Each structure stands twice: as structure tokens, then as C-alpha cells.
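Accompanying notes for the structure given below.
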Amino acid sequence: MQRRDHHDWTSETYVEEWVRRQQAEDPARAERFQLMCDLLPFADDAAVTIVDVGTGYGPVSQFILDRFPHAVCIGQDGSKPMLHRARQLMARYSERFLVHQSDLFDANWLPKPLGPFDAIVSSSCLHNLRDFKRIGEIYGEIRAQLKPGGVFLNLDLVNAPTPALQQRYEGVAMKRRQRAGASREDVEAMVRRRERSPANGSAGPFPAGLDQHLAALRAVGFSEVDCFWKDLQRALYGGFA
Ligand SMILES: C[S@@+](CC[C@H](N)C(=O)[O-])C[C@H]1O[C@@H](n2cnc3c(N)ncnc32)[C@H](O)[C@@H]1O
């Protein structure tokens, strides 16, 4: 699995620490996951197959499987330690949660023998690739494996529209951290990261802005493309096949 940023998803200890911190955020993420479920274009009792791209420890799949009792989720990820955790945490879903290990830089990353799929979802994954060209190709690969009427929903980090807005968003994020009780050291570390970040003079550290993502989805044939929720640099966007 190719490594493109500071995350070391192949390390047991890194993944263990990352999952511990991320799980503390899950209650705050629940509303977004709920919106993803609300946008899925099928009835609660539908027998559907959904791919969760970069599933991590499986938080999105868990939400979907609780909401759709006849659904099967395939948790795709490139990280062995992450999939090990997903298997443990999702064991109660038995055959309704399957895992598929593959690298998103590999053209055959999708579990095609199990497709085509009713929906493909992803949370906080694709920005890790740091490669917008590859992300555009992945959008095309996803579009090709969706059933007619199926949906792709991506909850991910996007750049601000302008460098000035990027600076403003980072300031807001810092104020939120302070209000949430972050220590002085944490806030100072955030300021240092902000000074070091490519955001100085650019519109952000992520592969692309929201408009570029929406255009890339339209370019590979998605329709009804939209951003369904946005808060600063986090957005839930997607389209229908
Ligand atoms: C930030 S975590 C998100 C996990 C989960 N979806 C969530 O919302 O908590 C990103 C995940 O993407 C996976 N990932 C990153 N780059 C990848 C690649 N090139 N191929 C496959 N998976 C990758 C990592 O292993 C990790 O589990």
C-alpha cells in the first residue's frame, strides 16, 4: 500500500493510537453518517450490497448495517492492521460485513466479483491519496461498478475556495478547539502546524476544492451531483449513477 502522507497505516501501533483517538470523535460524526444513510436510495428493508472505501475500523459500515438490516457492507482498505480491527469490532455482523484488502492506487482495487453495487460510500479516505488525478480515476472506477440508480457518497476533506478563506477556516477551527477545552500546548501546536502548512498562500493542503470534486464526478458520468453538507473543509458530496 503506497504511503503518501504522515499517516503510517501499515503500523500496528500507529493504527491502534489513531483508532483510539478517532473513536472519541464518533459521537460527533454520527449526524453525518445518519445523513449518508438518509441519502441512500433504497428502503430500510432492502437487500443491498454497499462498498465502504477506506473503511478503517468500519464506523460508516456499522451505521449502515444497523439502519439496513438486510444490507451487506464490504469494507475495503489497504491496511492490514486496520482491517484486523474492523474484523474484531464488526464481528457481530457476521457475513453482513466482509473485508477486501486492496490498494487504491491499483486499478483493480474494487471487489468486482461481488458487484455491481447498490451504493459506494467513503469517509475521510480519498484525501489521503494526495493525488487528484488518481481520485478522478477512482470516481470513474466507482461509477462503472454502480447499478443504475446507485449512489456514491464521499465524506471527506476539501480545500477552501481561496487562500483567504483557508486562513479564516483555520482560525475558526482553532477557536472551536479552544472552546472544546484544548490545552494551551495543543493550541500552540496547531498554530505551528498552521504556519508550516502549505495553506500559507495556497487554498489548502488537500488534493482539491469542492468544485473540482463535483466537476470530476460529473466528468465520469454521475448525475444529480451535489454537496449535501459542508462545514469549513469537511464536505459530504456525491452523485447518482
Ligand atoms: C482516515 S482513515 C478513515 C477510516 C474510516 N473510513 C473513518 O471514517 O473513520 C483512512 C483509511 O484509508 C485507508 N487508506 C489510505 N490510503 C489508502 C490506499 N492507498 N489504499 C487503500 N486504503 C487506503 C487507510 O488504511 C485508512 O484506514
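Treat the numbers as computed from the prediction; the structure is a model and nothing was measured. Order of appearance sets the numbers: ligands from 1, and atoms from 1 within every ligand. What you see below is based on every heavy atom in this structure, not just the backbone, and it leaves out hydrogens, waters and symmetry mates.
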Inset, instruction - Enumerate the residue pairs fulfilling side chain to side chain donor-acceptor pair (under 3.5 Å) with a member in residues 90-100, sequence neighbours excluded, ordered by first and then second residue. - result: D66-Y93
Inset, instruction - Hey, could you give me each pair passing side chain to side chain donor-acceptor pair (under 3.5 Å) that has a residue in residues 114-126? Not counting sequence neighbours. - result: D118-K147
Legend entry - Contact list for residues 162-184, test ring-ring contact (aromatic ring centres under 6.0 Å, His included), sequence neighbours left out: none
Legend entry - R21 bridged to E17 by N-O distance under 4.0 Å: yes
Legend entry - SB check E141 R134 (cutoff 4.0 Å): yes
Inset, instruction - Non-hydrogen atoms closer than 4.0 Å to ligand 1: which protein residues do they belong to? List them by chain and number, please. - result: M1, W9, W18, R29, G54, T55, G56, Y57, P59, Q76, D77, G78, S79, M82, S102, D103, L104, F105, S123, S124, C125, N128, L129
Inset, instruction - Flag the pair F222 / Y139 as yes when their ring centroid distance falls below 6.0 Å, and as no otherwise. - result: no
